[in-house]
Amino acid sequence: MANQLQKPKELHSQKPVRVIFTGGFLGAGKTTALGSIARKLLQQGLTVGLVTNDQAANLVDTAIVGELGVPVAEVAGGCFCCRFTDLVDATEQILAKNPDVLLGEPVGSCTDLAATVVNPLKLFYGDIFRIAPFSVLVDPQRVQEFVLKEAPTRFPEEVSYIFRKQLEEADIIVLNKIDTLSPDEADRMFNALKELQPNKPVLKVSALRGDGVDEWLQMLMSDAPAGSHILRDIDYDTYAKGEAVLGWLNATVRLVGSPKFDADRFAKAMMSELQTAVNSRDAEVAHLKFLLTSGMQMLRGHLTKADAEPSFVGELGEVVEATLVLNARVALSPEALSSIATQAILNAAKTVNAEAEILSIQSFSPPYPRPPYRLSEPV
Ligand SMILES: Nc1nc2c(ncn2[C@@H]2O[C@H](COP(=O)(O)OP(=O)(O)O)[C@@H](O)[C@H]2O)c(=O)[nH]1
Ligand SMILES: [Mg+2]
């Protein structure tokens, strides 16, 4: 983690660019929130670009934000913090399109971003970037599990450590998914977060329904402090352990019917198979998501807790062929996750009489985080 304070490269922009990074644990709603923010900015007549990020390529998120019709660049093969130079390259691609606002979603298992991303960007590119306060989104289920400790957790302590560090480094904490809570429950969670982090704003938002997004966006477009809560005592060994317990799987599969197959039934069967396999091992899902496309039609599904109901968006019906992209982040070894996923895909294909050809499958644990730049004081 050497402090090489040399700027990776020069960046140019015809005008100052507002940069909005939204962090938060896997499944907290970052992609949904950035989509919602991007739509609002576009309605205001502003131009927008996006940078997505993952430990591997073939991202469901890149395809989802692709629907916005704005420039998107992907930093794959590592997080923004460990691939700072790639982040700068991706940013350069977007700057070529002359955006007013650049939105970025860091990997959900990452922390220490104030020190390794937000402040280095301010230091090197403060002349062209207006960096927004760093928001950290939280899912109420994880607040119950990691903050209130009312729900049992299947994650090891190191994962909870990452979650707490994410809150600690936030400029703004965003309690998301309040549409799933009664007003009293939302207040109770808000108070628990306030008690834990008394000196920072906590917002109640539903990225999906839009509640609270305008107020949040106003803060993001303001010149409020950004990256002002650099972590003082982050233990990289604990952080690395927390990341390493999460198996990461990305697969691309071609499905062909004889002559057609029910794509919706396939997707539900696959999710159900995956869920049963994870639960039978007493493991936990951080975020399991897929995208199934056939022609111009799309169906996607998400699961953010092993014993919760999966959610599906879209419908495909009977199709001749379809392409599946599966991204799973589950607290299981990469080998176990790969075997479960392969089995679930093949079994689900059998249920609907389709042929499944696995075009690519990658499964691994994130490597030890080694950010090339780390500032110990805010810029
Ligand atoms: N009920 C509800 N679900 C949400 C909200 N925001 C996101 N989600 C769902 O949470 C899941 C994960 O969302 P996503 O944006 O992909 O999370 P990310 O991993 O943080 O990028 C998806 O099923 C979303 O539809 C919200 O405000 N309310
Ligand atoms: Mg996402």
Side-chain angles (χ1 to χ4, degrees), residues 20-40 50-68 72 74-76 79-80 103-111 113 134-143 159 162-163 166-167 170 173-182 185-186 189 203-217 246 248-250 267-268 271 274-275 284-292 298-306 308-314 325-330:
I20 300 177
F21 279 179
T22 298
F25 195 68
L26 300 147
K30 299 179 291 296
T31 307
T32 310
L34 288 181
S36 165
I37 285 175
R39 283 188 194 91
K40 283 190 183 286
L50 265 129
V51 184
T52 57
N53 180 214
D54 198 82
Q55 306 277 4
N58 290 328
L59 298 191
V60 171
D61 283 3
T62 305
I64 293 174
V65 296
E67 286 176 39
L68 293 165
V72 180
E74 183 178 293
V75 173
C79 48
F80 285 162
L103 303 172
E105 173 180 345
V107 173
S109 60
C110 278
T111 187
L113 289 151
F134 180 56
S135 310
V136 170
L137 260 77
V138 284
D139 182 322
Q141 286 185 332
R142 302 286 177 225
V143 177
V159 173
I162 292 177
F163 181 87
Q166 290 179 336
L167 295 180
I173 295 176
V174 179
L175 174 64
N176 189 30
K177 310 193 186 183
I178 58 156
D179 57 290
T180 62
L181 303 173
S182 69
E185 268 298 277
M189 306 239 169
L203 302 181
K204 286 183 273 186
V205 163
S206 166
L208 200 61
R209 215 169 53 180
D211 317 27
V213 177
D214 286 329
E215 185 196 346
W216 179 27
L217 184 53
L246 296 173
W248 223 262
L249 175 130
N250 288 1
K268 287 189 177 138
M271 277 302 240
L274 283 166
Q275 212 171 348
E284 183 54 295
V285 166
H287 194 178
L288 208 162
K289 56 194 163 177
F290 76 83
L291 187 73
L292 194 58
M298 244 172 20
L299 163 69
R300 66 182 159 95
H302 297 262
L303 182 69
T304 53
K305 203 166 192 307
E309 279 295 309
S311 68
F312 297 93
V313 181
V325 177
L326 176 66
N327 295 169
R329 290 82 180 93
V330 180

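What you see is a predicted model; the values in this text were computed from it and never measured. Order of appearance sets the numbers: ligands from 1, and atoms from 1 within every ligand.
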If you have a sec, work out which protein heavy atom is nearest [atom] and how many Å separate them, to one decimal?
| atom | answer |
| --- | --- |
| atom 18 (P) of ligand 1 | Lys30 N, 3.4 Å |
| atom 1 (N) of ligand 1 | Asp179 OD2, 2.8 Å |
| atom 8 (N) of ligand 1 | Lys177 CE, 3.7 Å |
| atom 16 (O) of ligand 1 | His287 CE1, 3.2 Å |
| atom 22 (C) of ligand 1 | His302 CG, 3.4 Å |
| atom 17 (O) of ligand 1 | Gly29 N, 3.1 Å |
| atom 25 (O) of ligand 1 | Leu208 CD1, 4.0 Å |

- Item | Reference residue Val72; test side chain to side chain contact (heavy atoms under 4.5 Å, CB included); the match among Leu103, Asp61, Val51, Thr52 |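 One option only clears the test, and that one is Thr52.
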- Message: As a test of understanding, state which of Thr304, Leu246, Val159 forms a side chain to side chain contact (heavy atoms under 4.5 Å, CB included) with Leu26.
- Response: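 The passing option is Leu246.
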Going by the atom numbers of ligand 1, which of them fall below 4.0 Å from some non-hydrogen atom of [X]?
| X | result |
| --- | --- |
| Thr32 | 6 (N), 7 (C), 13 (O), 14 (P), 15 (O), 24 (C) |
| Ser311 | 23 (O) |
| Thr180 | 1 (N) |
| Thr31 | 15 (O), 21 (O) |

- Message: If I take the Mg ion (ligand 2) as the centre, what angle separates the OE2 atom of Glu105 from the OG1 atom of Thr31? Nearest 10 degrees is fine.
- Response: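 The angle at the Mg ion (ligand 2) comes to 90°, rounded to the nearest 10°.
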- Message: Would you compute the distance between atom CE of Met271 and atom CG of Leu288 and round it to the nearest 0.5 angstrom?
- Response: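 Output value for this atom pair is 5.5 Å.
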Within the structure provided, determine whether [X] and [Y] are in side-chain contact (heavy-atom separation under 4.5 Å).
| X | Y | answer |
| --- | --- | --- |
| Asn327 | Trp248 | no |
| Cys79 | Asn53 | yes |
| Trp216 | Ser135 | yes |
| Glu105 | Thr22 | no |

Under 3.5 Å, N or O to N or O, is [X] touching ligand 1 that way?
| X | value |
| --- | --- |
| Asn176 | yes |
| Ala207 | yes |
| Ala28 | yes |
| Ser206 | yes |

- Item | Under-4.0 Å salt bridge between Asp139 and Lys177 |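 Yes, charged N to carboxylate O under 4.0 Å.
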- Could you tell me whether Asp211 and Lys204 make a salt bridge, using a distance below 4.0 angstrom between a side-chain N and a carboxylate O?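 No salt bridge links Asp211 with Lys204.
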Compute the minimum heavy-atom distance from [X] to ligand 1 and say whether it is under 4.0 Å.
| X | value |
| --- | --- |
| Gly108 | no |
| Glu105 | yes |
| Gly27 | yes |

- For the Mg ion (ligand 2), what is the closest N, O or S atom on Asp61?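 Of the nitrogen, oxygen and sulfur atoms in Asp61, the Mg ion (ligand 2) lies nearest to OD2.
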